[in-house]
Q: 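Before anything else, here's the structure in question.
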Number of protein chains: 2
Amino acid sequence: MKPRHPTLTAECRPISELLARIGDKWSVLVVGLLGDGPLRFSALRRRIDGISQKMLTATLRSLERDGFVTRTVFPTTPPQVEYELTDLGRDLLVPVGALAEWARQNQARVDDARRQFDRQNGVANGRAQASPLSAP
Amino acid sequence: MKPRHPTLTAECRPISELLARIGDKWSVLVVGLLGDGPLRFSALRRRIDGISQKMLTATLRSLERDGFVTRTVFPTTPPQVEYELTDLGRDLLVPVGALAEWARQNQARVDDARRQFDRQNGVANGRAQASPLSAP
DNA sequence: CGGGATCCCGACGGATACTG
DNA sequence: CAGTATCCGTCGGGATCCCG
């Protein structure tokens, strides 16, 4: 079994690191929203239903740290803070958008496979029994 | 359960669900390795440095459940189990490969941005201070 | 050899409450 | 408005033992 693509393992480490950065619960959502243009903190908060202000802050800090987002403070009263994608962030949006498109077009296939798997094994819930993986 | 509102989610929810499935620590690595051809359990274990047998099992179960991987048992002694990508899995490899390629070409830009951010703020570690996000 | 069962810990992430 | 600080539950995931 010789790898026909010798660079595959070399390709997988960067992707793992990238997933460690933006593979969390909210980063991609935020980047996707900012893809339409700059938004203020509350605007993001309102658009992302279910996110806590703590996680939104942390997510934005992380994205800013990795150079995907800029943070601009307007010293008005009350203060305004605007977040905007950098060039790097907009670049990232391309492959992420492709993945999103794939997900949109193939989610039915994945769901079908999952239902079939769950039917063949006696699973009460929608979750693999002895598996700590996968999300609801 | 989390009540999702249809605000933004039309475009971004599929990608979030996909990330919830393959965005974990090992799934993409396994899929990437299987892209070269079927592999046995121990072969995967040996190739993925640092993975525990529990997580490899769980990852493979999850991938099998979602229809990305097939599991074939050969009733030999000792038993052999081979894992192979399905058509869906190979399809997934395309956008994931694109993302991996992006990560490979842009990791320097991300690292530079991160170092600059950490220098501007007084950060002792390589980690954002008040942020629970980002990886070691 | 492949993988199930358990124990355990630290990180992720939600819910307030407080500040400038 | 835009955070920061604190408490706390959940769960990903590593280590270990055991079984067909």
Side-chain angles (χ1 to χ4, degrees), chain A residues 16 19-30 38-64 69-83 121 125 127-136, chain B residues 1-4 16 19-30 38-65 69-84 121 125 127-136:
Chain A
S16 289
L19 280 179
R21 287 176 160 120
I22 64 160
D24 64 282
K25 198 173 177 182
W26 306 107
S27 289
V28 172
L29 254 48
V30 171
L39 286 174
R40 295 179 50 186
F41 186 88
S42 345
L44 281 169
R45 188 150 153 55
R46 254 177 283 111
R47 290 216 193 186
I48 307 178
D49 189 74
I51 196 172
S52 63
Q53 94 294 35
K54 167 186 167 182
M55 288 320 295
L56 181 54
T57 300
T59 301
L60 288 168
R61 282 283 181 282
S62 176
L63 291 174
E64 186 194 0
V69 156
T70 59
R71 176 175 181 270
T72 311
V73 182
F74 298 95
T76 60
T77 48
Q80 292 193 8
V81 181
E82 235 182 38
Y83 293 91
N121 319 21
N125 269 341
R127 204 186 184 93
Q129 283 167 315
S131 168
L133 264 184
S134 72
Chain B
M1 285 316 214
K2 46 190 171 188
R4 306 186 189 91
S16 288
L19 279 180
R21 286 176 161 121
I22 63 159
D24 63 284
K25 197 173 178 181
W26 306 108
S27 289
V28 172
L29 282 169
V30 171
L39 286 175
R40 292 179 52 186
F41 187 88
S42 338
L44 281 169
R45 189 149 154 52
R46 255 177 282 110
R47 291 210 188 191
I48 306 177
D49 190 68
I51 196 173
S52 64
Q53 130 288 25
K54 168 187 168 181
M55 287 320 296
L56 181 54
T57 301
T59 301
L60 287 167
R61 281 284 179 281
S62 176
L63 291 174
E64 185 194 0
R65 187 159 105 100
V69 157
T70 59
R71 177 175 181 270
T72 312
V73 183
F74 298 94
T76 61
T77 48
Q80 292 193 6
V81 180
E82 233 181 40
Y83 293 91
E84 187 174 12
N121 318 23
N125 272 340
R127 205 185 185 90
Q129 283 168 314
S131 167
L133 265 184
S134 72

Q: Could you go through A:T59 and A:L29, starting from their C-alpha distance and side-chain angles, then the distance that decides it, and tell me whether this counts as side-chain contact (heavy atoms from CB on, under 4.5 Å)?
A: CA-CA 10 Å; A:T59 301; A:L29 254 48; over 6 Å; no
Q: Quick one: A:W26 CH2 to C:dG13 C1', roughly how many Å, whole number?
A: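 These atoms are roughly 9 Å apart.
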Q: Nearest to the side chain of B:R61, heavy atoms from C-beta on, is which of D:dG3, C:dG3, D:dA15?
A: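 The answer is C:dG3.
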Q: Rounded to whole angstroms, how far apart are CG on B:D49 and P on D:dG14?
A: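 In whole Å, D:dG14 P lies 12 Å from B:D49 CG.
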Q: Output the single nucleotide from C:dG13, D:dG3, C:dC1 whose closest atom is nearest the side chain of A:K54.
A: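 When the side chain of A:K54 is considered, C:dG13 is the closest of C:dG13, D:dG3, C:dC1.
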Q: Would you say a side-chain N or O of A:K25 is under 4.0 Å from OP1 or OP2 of C:dG14?
A: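 The answer is yes; a side-chain N or O of A:K25 sits under 4.0 Å from OP1 or OP2.
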Q: Just to be sure I understand the rule, does A:F74 reach a base, reach only the sugar-phosphate, or reach nothing, if contact means heavy atoms closer than 4.0 Å?
A: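 Answer is nothing: A:F74 stays at 4.0 Å or more from every strand.
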Q: Would you say that B:Y83 contacts B:L63 through its side chain, given a criterion of any heavy-atom pair below 4.5 Å between the two side chains?
A: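 B:Y83 does not reach B:L63 side chain to side chain.
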Q: Are A:R71 and A:V73 close enough that some pair of their side-chain heavy atoms sits under 4.5 Å apart?
A: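 The answer is yes, as the side chains (C-beta and beyond) meet within the 4.5 Å cut-off.
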Q: Going by modelled atom types, is there a donor-acceptor pair between the base of C:dG4 and the side chain of B:Q53 at under 3.5 Å?
A: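 A donor-acceptor contact between them is present.
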Q: So do B:V30 and B:L56 actually touch side chain to side chain, heavy atoms under 4.5 Å?
A: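 Side chain of B:L56 against side chain of B:V30, heavy atoms only: contact under 4.5 Å found.
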Q: Between C:dG14, D:dG20, D:dG13, which nucleotide gets closest to the side-chain atoms of B:P79?
A: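 From the listed options, D:dG20 comes nearest.
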Q: Picking from D:dC1, C:dC7, C:dG3, which would you name as closest to the side chain of B:V81?
A: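 Side chain of B:V81 sits closest to C:dG3.
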Q: Measure the distance from CD1 on A:I51 to P on C:dG13 and round it to the nearest whole Å.
A: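 Going from CD1 in A:I51 over to P in C:dG13 covers 10 Å.
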Q: Indicate whether OP1 or OP2 belonging to D:dG3 is found under 4.0 Å from a side-chain N or O atom of A:R71.
A: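 Checking A:R71 against D:dG3: at least one side-chain N or O falls below 4.0 Å of OP1 or OP2.
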Q: D:dC1 C1' sits how many Å from A:E82 CD, rounded?
A: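 In whole Å, D:dC1 C1' lies 14 Å from A:E82 CD.
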Q: Report the distance from atom CZ of B:R40 to atom P of C:dG3, rounded to the nearest whole Å.
A: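 Distance check: B:R40 CZ to C:dG3 P gives 10 Å.
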Q: Between D:dA5 atom P and A:M55 atom CE, what is the distance in whole Å?
A: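 The answer, rounded to whole Å, is 16 Å.
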Q: Kindly point out which of C:dG14, D:dG14, C:dG13 is positioned nearest to the side chain of A:S52?
A: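 Output: C:dG14.
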Q: C:dC1 P sits how many Å from B:L44 CG, rounded?
A: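 Taking CG of B:L44 and P of C:dC1, I get 15 Å after rounding.
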Q: Quick check against the 3.5 Å criterion: does B:T57 have a side-chain atom that pairs as donor or acceptor with the backbone of B:Q53?
A: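 The answer is yes, because a donor-acceptor pair under 3.5 Å joins these two groups.
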Q: Can you tell me how far P of D:dG12 sits from CZ of B:R21, to the nearest Å?
A: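 That distance rounds to 15 Å.
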